[in-house]
S.K.: 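Below are the structure tokens for one structure; questions will follow.
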Amino acid sequence: MVTLCNNTDKGSTASEVSGKKDSYSTYQEPDTRIPPKARPVLDAVSVNGVEIVESEILAEAQNHPAENPGAALLAAARALVVRELLLQRAVELNLAPVREETADGRHETDEDAAIRMLIEREVAVPSATAEECLRFYENNRAKFRSEPIFEASHILIAADPADARARDAARNDAARLAAVLMEHPSEFATMARTHSACPSAAQGGNLGQLTRGSTVAEFERCLARMEEGQITSAPVESRFGFHIIRLERRIDGDQLPFDFVQGRIAGWLEASAWSKAVSQFIAILAADATITGIEVLGADGPLMQ
């Protein structure tokens, strides 16, 4: 008899053959070990032995917009450390919280009331004097002018910001119209009626009187640089498309008298002084406290916003 196939080598045992077969198997026993616990996002943070738990920091982070999650978490942790410092000091002084209604009609929590009362007791801010207000006024006269008023017209070549091809075509059309208007400025109203996608086209592109906030920022910046009767030689781009602008008239703002703005200046100066005084108060509390897991003194930015 002729042996056509021999599945075992001579001298090989059955167990050796079985071992070779098992070595080709892809089956693996499931790993039933408990995975390691995830590391905390921050080291343990505490104030005088009182721990600020990670869940509170994560919840607070949503109130601190930042460039990245790590920065938001640090800001949240610092805010909670400051809050704990203030609450501990309020307890030391035996302040019994008396709730007040907030500007939006809500009632304070006991903790918020305690912090408010602590700051009212411990932080004294003098009223701004007339001399201080006048000095600020003289050093910042440009801040105290009435808003300028512009009368302007435009031609809008509209294009969807998400459509690159449409934007390119609109840019080219607007540049062509602007070049024509440089040669024939008297045709502005006629071209606005024919080409503008703005409802003002029916009035020859006239937008009437404009003040700050009446139009998009790009439009306003251009108006501020223009002279009366001037037409933009190049289209002005905004999210709506491309504008060719003509400034009809401008009325520059007037200097507001000191008496008219003194109260506003006093409010600014007192608010600034209050913020500085509160930050100094918190810095004193932090210097006397044992704080772990985060640097508060010397950290970038103010201690309290």
Side-chain angles (χ1 to χ4, degrees), residues 37 39-66 69-133 136 261-305:
K37 184 178 179 181
R39 288 190 58 194
V41 294
L42 289 171
D43 294 333
V45 178
S46 67
V47 179
N48 294 324
V50 177
E51 182 183 3
I52 297 176
V53 298
E54 184 177 287
S55 59
E56 293 177 352
I57 297 173
L58 292 172
E60 176 68 19
Q62 65 183 333
N63 300 319
H64 300 270
L73 290 171
L74 284 174
R78 289 193 181 106
L80 291 175
V81 165
V82 167
R83 184 177 180 83
E84 183 61 31
L85 283 168
L86 294 170
L87 289 172
Q88 289 184 15
R89 180 58 178 162
V91 171
E92 290 175 4
L93 296 175
N94 295 317
L95 293 181
V98 178
R99 297 183 185 183
E100 291 186 357
E101 188 173 314
T102 62
D104 57 3
R106 296 182 300 174
H107 286 280
E108 295 175 312
T109 65
D110 284 343
E111 290 186 347
D112 288 339
I115 290 173
R116 173 183 50 77
M117 294 169 63
L118 173 67
I119 292 174
E120 289 174 351
R121 167 179 166 150
E122 298 294 300
V123 178
V125 179
S127 300
T129 66
E131 291 77 13
E132 290 169 334
C133 293
F136 185 90
V261 297
Q262 182 178 356
R264 191 192 318 172
I265 294 173
W268 290 346
L269 294 178
E270 290 166 8
S272 176
W274 182 89
S275 294
K276 291 178 182 177
V278 171
S279 291
Q280 291 169 355
F281 175 60
I282 293 169
I284 293 171
L285 295 180
D288 291 338
T290 300
I291 300 172
T292 65
I294 192 168
E295 181 66 33
V296 175
L297 292 174
D300 292 336
L303 284 174
M304 189 182 79
Q305 297 179 356

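Only heavy atoms go into these numbers, but all of them, side chains included; no hydrogens, no water, no symmetry mates. None of the values given here were measured: they were computed from a predicted structure.
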S.K.: Using side chain to side chain contact (heavy atoms under 4.5 Å, CB included) as the criterion, list what pairs up with Glu270, not counting sequence neighbours.
M.R.: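 Per chain and number, Glu270 pairs via side chain to side chain contact (heavy atoms under 4.5 Å, CB included) with Ser127, Ala128, Ala266.
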S.K.: Applying side chain to side chain contact (heavy atoms under 4.5 Å, CB included), can you list everything that pairs with Ser272, at least two apart in sequence or on another chain?
M.R.: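 With sequence neighbours excluded, Ser272 shows a side chain to side chain contact (heavy atoms under 4.5 Å, CB included) to Lys276, given in chain and number order.
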S.K.: Name all residues meeting the salt bridge (Lys or Arg N to Asp or Glu O under 4.0 Å) criterion together with Asp104; count only those two or more places apart in sequence or in a different chain, and write none if there are none.
M.R.: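 Checked Asp104 against salt bridge (Lys or Arg N to Asp or Glu O under 4.0 Å); matches are Arg106.
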S.K.: Please report, to 0.1 Å, the donor-acceptor pairs under 3.5 Å made by any side chain of residues 46-53, with sequence neighbours excluded.
M.R.:
from	atom 1	to	atom 2	distance (Å)
Ser46	OG	Thr292	OG1	2.5
Asn48	OD1	Thr290	N	2.8
Asn48	ND2	Gln88	OE1	2.8

S.K.: Please report the shortest heavy-atom distance between Val296 and Ala286, naming the atom on each side.
M.R.: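 Between these two residues, the closest heavy atoms are CG1-CB, 4.4 Å.
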S.K.: So how far is it from Leu74 CG to Glu295 CD, rounded to the nearest 0.5 Å?
M.R.: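 It is 11.5 Å, given to the nearest 0.5 Å.
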S.K.: Excluding sequence neighbours, so at least two apart, what forms side chain to side chain contact (heavy atoms under 4.5 Å, CB included) with Ala66?
M.R.: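 Ala66: side chain to side chain contact (heavy atoms under 4.5 Å, CB included) contacts with Ala71, Ala72.
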S.K.: Can you pull out every salt bridge (charged side-chain N to carboxylate O under 4.0 Å, His left out) where at least one residue sits in residues 89-98? Sequence neighbours excluded, please.
M.R.: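 Qualifying pairs: Arg89-Glu92.
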S.K.: Mind checking salt bridge (Lys or Arg N to Asp or Glu O under 4.0 Å) for Glu111 and listing every partner two or more places apart, or none if nothing turns up?
M.R.: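 Only Arg83 meet the salt bridge (Lys or Arg N to Asp or Glu O under 4.0 Å) criterion with Glu111.
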S.K.: Going by the rule side chain to side chain donor-acceptor pair (under 3.5 Å), which residues pair with Arg99 if we only count those two or more places apart in sequence or in a different chain?
M.R.: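 Side chain to side chain donor-acceptor pair (under 3.5 Å) check on Arg99 returns Asp110.
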S.K.: Search all heavy atoms of Leu118 against all heavy atoms of Ala90 and return the closest pair with its distance.
M.R.: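 Heavy atoms of Leu118 and Ala90 come nearest at CD2-N, 4.2 Å.
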S.K.: Let me know which of Leu85, Val82, Leu86 forms a side-chain contact (heavy atoms from CB on, under 4.5 Å) with Ile115.
M.R.: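 Single side-chain contact (heavy atoms from CB on, under 4.5 Å) partner of Ile115 among Leu85, Val82, Leu86: Leu86.
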S.K.: Which atoms form the tightest heavy-atom contact between Ala124 and Pro126, and what is the distance?
M.R.: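 Of all heavy-atom pairs spanning Ala124 and Pro126, the closest is O-CD, 4.0 Å.
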S.K.: Please report the closest heavy-atom contact between Ala96 and Met117, naming both atoms and the distance.
M.R.: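 Heavy atoms only, the tightest pair is O-CE, 3.2 Å.
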S.K.: Restricting to non-hydrogen atoms, name the atom on Ala61 and the atom on Leu73 that form the minimum distance, rounded to 0.1 Å.
M.R.: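 So the two residues come closest at CB-CD2, 3.9 Å.
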S.K.: Please find the pair of heavy atoms, one from Ala277 and one from Val123, that lie closest to each other, and give the distance.
M.R.: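 Closest heavy-atom pair between Ala277 and Val123: CB-CG1, 3.5 Å.
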S.K.: For Glu108, check salt bridge (Lys or Arg N to Asp or Glu O under 4.0 Å) against everything at least two apart and list the hits.
M.R.: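 If we apply the salt bridge (Lys or Arg N to Asp or Glu O under 4.0 Å) test to Glu108, skipping adjacent residues, the hits are Arg116.
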S.K.: The criterion is side chain to side chain contact (heavy atoms under 4.5 Å, CB included); which residues satisfy it with Ala273, sequence neighbours excluded?
M.R.: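 In terms of side chain to side chain contact (heavy atoms under 4.5 Å, CB included), with neighbours along the sequence ignored, Ala273 is linked to Val125.
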S.K.: Can you measure from CZ (Arg121) to CG (Leu93) and round to the nearest 0.5 angstrom?
M.R.: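 The CZ atom of Arg121 sits 4.5 Å away from the CG atom of Leu93.
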S.K.: To the nearest 0.5 angstrom, please state how far the CD1 atom of Ile294 sits from the CG atom of Leu80.
M.R.: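 Reported to 0.5 Å precision, the distance equals 9.0 Å.
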